[in-house]
Amino acid sequence: MQSILSDAFAHRYGVGAFNVVDGLTMEAVLSAAGETRSPVIVQVSVKTVKQMGARLLRLMFEELASRVAAPAALHLDHCPDRSLIAACVEAGWDSVLFDASALSYEDNLAQTREVVALAHAHGVAVEGELESIRGVEDGMGSEAESPVVPLDSALRFLRETGIDSFAPAIGTAHGLYQGEPRINFERVSEIVAAEPVPLVVHGGTGLRDEALRELIARGAVKVNISTQLKITMADAYRTYLNERPSEYDPMKLFAAVKGEVRAMTAAYMHRLGSAGRAN
Ligand code: 13P
């Protein structure tokens, strides 16, 4: 994870972090990475990890990633539960997002520091978060706007926790945008100028190319995509079955869905600029 993000940050290209929900979507995302020669982050939400188990997901990831000639990392998305973080660290995941945004500033800082100590002792990267990102991601979060932490406090959080990447509130939101998001590009530049750490764009679905380009150029290089993957997957199942009411071969159905998710992912890899960066 560290080498994927540091290369993207140094050369200012975006790396997609795609929230997968099962083996089929994990395979589709990884095969898009192989096809486009793109570094990739395979990201999993807490709900999915609780359903499938940290170890099973890790084993699936290792096998599927080994078939692909591109750097890939397995990352746990928004997790407030430290025992689940410990389970993922134990199972050999590459990175975790400790989401302590519901805690006070001081408690968040103290607990994030402890999570970093545990994770780094196992070579696992940590993404940190101070303000909750607006919108709901797999049952986590809320539509309420969270107050933005002043710059000096955000910088102190970065320095004192030692996190590897940071997800600040910059006006993006999980889910589908109602209207044009008002993105705080300046905040990205201010943070990165003072502390050169890769920033994370939550709510990547629905952002226009110009916004993505601007965010990436300023240092927000990890771009999370979840809603679009779910839409592509569900639409592919629906379309395939509706168009073929007497088709019952699961392998044909899965191949069709995988192809759609792979194509959507590959298109993002070109848009973000990670295509061709696998070396
Ligand atoms: P979207 O659901 O808007 O793509 O956001 C994904 C995300 O930020 C996951 O943490």
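A quick note: this is a predicted structure, and the numbers were derived from the prediction, not measured. In listed order, ligands and their atoms are each counted from 1.
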Would you mind listing which atoms of ligand 1 come within a distance below 4.0 Å of any non-hydrogen atom of [X]?
X: Asp77; result: 9 (C), 10 (O)
X: Thr227; result: 1 (P), 2 (O), 3 (O), 4 (O)
X: Asn19; result: 9 (C)
X: Ile225; result: 4 (O)
X: His174; result: 3 (O), 5 (O), 6 (C), 7 (C), 8 (O), 9 (C), 10 (O)
X: Thr205; result: 1 (P), 3 (O), 4 (O)

Proximity to ligand 1 by part of Ala173, non-hydrogen separation under 4.0 Å: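 Answer for Ala173: backbone.
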
Structural part of His78 in contact with ligand 1, heavy atom criterion under 4.0 angstrom: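 It is the side chain that touches ligand 1; the backbone stays farther off.
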
Phe98 with Trp93, same ILVMFWY side-chain cluster at under 4.5 Å: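 Cluster IDs for Phe98 and Trp93 match.
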
Whether Ser104 side chain and Asp107 backbone form a donor-acceptor pair below 3.5 Å: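 Between the backbone of Asp107 and the side chain of Ser104 there is a qualifying donor-acceptor contact (under 3.5 Å).
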
Heavy-atom donor-acceptor pair, Thr161 side chain to Arg113 backbone, under 3.5 Å: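 Such a contact is absent between Thr161 side chain and Arg113 backbone.
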
Any N/O pair His202/ligand 1 closer than 3.5 Å: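 Yes; the residue has a nitrogen or oxygen that sits under 3.5 Å from a nitrogen or oxygen of the ligand.
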
Nitrogen or oxygen of Val201 less than 3.5 angstrom from that of ligand 1: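 Looking only at distances, the answer is no, because the N/O contact criterion of under 3.5 Å is not met.
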
Any side-chain heavy-atom pair of Asn224 and Gln43 under 4.5 Å: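 Yes, close enough: below the 4.5 Å cut-off.
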
Pair Arg271 + Asp209: basic N to acidic O under 4.0 Å: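 So Arg271 pairs with Asp209 through a salt bridge.
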
Ion pair Lys222/Asp164, N-O distance below 4.0 Å: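 Here Lys222 does not pair with Asp164 in a salt bridge, since their nearest N and O are not under 4.0 Å apart.
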
Arg187 to Phe185 six-membered ring, cation-pi geometry met (6.0 Å, 45°):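 Cation-pi check for Arg187 and Phe185: fails.
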
